[in-house]
A.B. asks: 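Right, I'll just put the structure down here and ask away after.
By convention here, the first residue in the shown sequence is residue 1.
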Amino acid sequence: MSKDPVDIQHEERIVWTENIDGFDYVRESLTTEAGTRARPVPWHGAGRRVGYAILKRDAPSNDSPGRFTRRIFWVKEHDRSERPDGVYKTATPSEGVDPRTVAPGVWGEVTERAWGGPLPSSSGTPVSATLQEEMARVHHPDQPGASRSAAASSKETRAVEQGVTKAFADWLYLHEVSVPEALGAAVGEEFKRWLWANNEELIAAIANVVARRTTLPEQPPSTNEQ
């Protein structure tokens, strides 16, 4: 999710519906479909809502009249607050932020408390556990002006691998995928590739079968006497 300050510039205050002391991190999302500026924002996704932003009275609607852009904070059933020893015992989901860093007009950040340990960054700068950022660190570990030891690079790589694994696990929780569906999709893709590579041979084989089945039998010699 892009964290553009313009998207939250009209916030007046943040309402927490649960005590944030119980959360090392919460998930931060943006909706553009809120029907009011101040009433509680409905949450129809997975998990439960634990907070939302209230807009100023003069906050403009977005491109859709009567619809407002507002932040929602939520948790899922396998987050650390619900399962301390679960998949997010360390690291955070891609939307995860420390609720103590949230303020009106200020995006949340990932802290060591939210991460559950030292952040995977040699600079100490808070980072978001998004898949794109983590993969970028894997493929481009040495940025201009940065000096990293082999040990630090190895440690960061392990942290990245862990973050990617957890991000994929989180995706699976959000998207129900059955084994037959996955296998069916894989078989379908492979069959399409095979057809694309062998279409000429397949057409020729079909033509031969059709030709054999449509060839008229030879006519027996005529027995009519002249």
Side-chain angles (χ1 to χ4, degrees), residues 1-57 59 61-62 64 66-120 126-134 162-176:
M1 178 178 67
S2 174
K3 294 191 173 184
D4 189 339
V6 174
D7 291 334
I8 59 174
Q9 64 180 329
H10 299 292
E11 290 181 346
E12 183 175 65
R13 64 190 179 96
I14 304 295
V15 173
W16 298 107
T17 57
E18 297 187 27
N19 189 342
I20 62 172
D21 290 339
F23 301 99
D24 290 345
Y25 68 82
V26 296
R27 296 173 185 252
E28 179 182 55
S29 297
L30 200 67
T31 178
T32 59
E33 296 298 322
T36 68
R37 297 180 177 89
R39 292 179 184 175
V41 182
W43 177 247
H44 303 296
R48 71 181 189 278
R49 186 198 65 200
V50 297
Y52 55 88
I54 289 181
L55 304 183
K56 299 174 183 177
R57 298 183 67 178
S61 59
N62 54 33
S64 300
R67 298 294 177 181
F68 301 90
T69 300
R70 295 172 64 181
R71 272 191 295 177
I72 306 175
F73 304 94
W74 53 291
V75 295
K76 296 182 71 173
E77 63 279 358
H78 58 279
D79 279 330
R80 193 185 308 154
S81 57
E82 318 304 303
R83 297 182 184 177
D85 293 323
V87 66
Y88 287 115
K89 184 177 180 179
T90 58
T92 69
S94 58
E95 311 95 341
V97 298
D98 188 334
R100 296 153 197 81
T101 65
V102 174
V106 178
W107 288 101
E109 296 181 351
V110 178
T111 63
E112 290 192 348
R113 178 168 183 167
W115 190 262
L119 296 171
V127 293
S128 172
T130 60
L131 183 60
Q132 294 86 350
E133 290 174 346
E134 298 301 338
Q162 184 182 45
V164 171
T165 300
K166 291 181 183 297
F168 182 63
D170 189 45
W171 185 90
L172 288 178
Y173 270 108
L174 188 62
H175 301 80
E176 295 183 1

A.B. asks: Report yes if the side chains of Trp16 and Val102 come closer than 4.5 Å at any heavy-atom pair, otherwise no.
C.D. replies: yes

A.B. asks: Do Thr92 and Asp24 come within less than 4.5 Å of each other through their side chains, counting heavy atoms only?
C.D. replies: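 Answer no - side chains too far apart.
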
A.B. asks: Do the non-hydrogen side-chain atoms of Thr31 and Thr69 ever get within less than 4.5 Å of each other?
C.D. replies: no

A.B. asks: Between Tyr88 and His78, is there a side-chain heavy-atom distance shorter than 4.5 Å?
C.D. replies: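 Result yes, sub-4.5 Å side-chain heavy-atom pair found.
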
A.B. asks: Kindly give the heavy-atom pair with the smallest separation between Lys89 and Asp85, and that separation in Å.
C.D. replies: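 Minimum heavy-atom separation between Lys89 and Asp85: CE-OD1, 3.7 Å.
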
A.B. asks: Should the pair Arg48-Glu82 be classified as a salt bridge under the 4.0 Å nitrogen-to-oxygen rule?
C.D. replies: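 Salt bridge present between Arg48 and Glu82.
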
A.B. asks: Provide the full list of salt bridge (charged side-chain N to carboxylate O under 4.0 Å, His left out) pairs with a residue in residues 7-16, sequence neighbours left out, each pair given once.
C.D. replies: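 Listed once each, the pairs are Glu11-Arg71.
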
A.B. asks: Heavy atoms, side chains only, cut-off 4.5 Å: are Phe23 and Glu18 in contact?
C.D. replies: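 Counting from C-beta outward, Phe23 and Glu18 do come under 4.5 Å.
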
A.B. asks: How long is the span from the OG atom in Ser81 to the CG atom in Asp21, to the nearest 0.5 Å?
C.D. replies: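 If we round to the nearest 0.5 Å, Ser81:OG and Asp21:CG are 13.0 Å apart.
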
A.B. asks: Considering non-hydrogen atoms only, spot the tightest contact between Phe73 and Ile14 and give its length.
C.D. replies: CE1-CG2, 4.0 Å

A.B. asks: Are side-chain heavy atoms of Val26 and Val97 found at a separation under 4.5 Å?
C.D. replies: yes

A.B. asks: Between Arg113 and Asp98, is there a salt bridge with N-O shorter than 4.0 Å?
C.D. replies: no

A.B. asks: Trp74 versus Glu95: any side-chain heavy-atom pair under 4.5 Å?
C.D. replies: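 Trp74 reaches Glu95 side chain to side chain.
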
A.B. asks: What residues, two or more places apart in sequence or in another chain, satisfy side-chain hydrogen bond (donor to acceptor under 3.5 Å, both in side chains) together with Thr36?
C.D. replies: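 Checked Thr36 against side-chain hydrogen bond (donor to acceptor under 3.5 Å, both in side chains); matches are Arg70.
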
A.B. asks: Arg49: what forms a side chain to side chain contact (heavy atoms under 4.5 Å, CB included) with it, not counting sequence neighbours?
C.D. replies: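 Side chain to side chain contact (heavy atoms under 4.5 Å, CB included) check on Arg49 returns Thr17, Pro40, Trp43, Tyr52, Ile72.
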
A.B. asks: Is Ser61 reaching over with its side chain to a backbone N or O of Phe68, donor-acceptor style, under 3.5 angstrom?
C.D. replies: no

A.B. asks: With rounding to the nearest 0.5 angstrom, report the CZ to CD distance, Arg100 to Glu109.
C.D. replies: 13.5 Å

A.B. asks: Using the side chain to side chain contact (heavy atoms under 4.5 Å, CB included) rule, take Ile20 and Val50 through it: C-alpha gap first, then chi angles, then the decisive distance, then the call.
C.D. replies: CA-CA 8 Å; Ile20 62 172; Val50 297; over 6 Å; no

A.B. asks: How far does OG1 of Thr90 sit from CH2 of Trp115, to the nearest 0.5 angstrom?
C.D. replies: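 One gets 7.5 Å once the value is rounded to the nearest 0.5 Å.
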
A.B. asks: Evaluate the criterion salt bridge (charged side-chain N to carboxylate O under 4.0 Å, His left out) for residue pair Glu28 and Lys3; output intermediate values, then yes/no.
C.D. replies: CA-CA 10 Å; Glu28 179 182 55; Lys3 294 191 173 184; 3.0 Å; yes

A.B. asks: Within the 4.5 Å heavy-atom criterion, are Val110 and Tyr25 side-chain neighbours or not?
C.D. replies: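 Side chain of Val110 against side chain of Tyr25, heavy atoms only: no contact under 4.5 Å found.
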
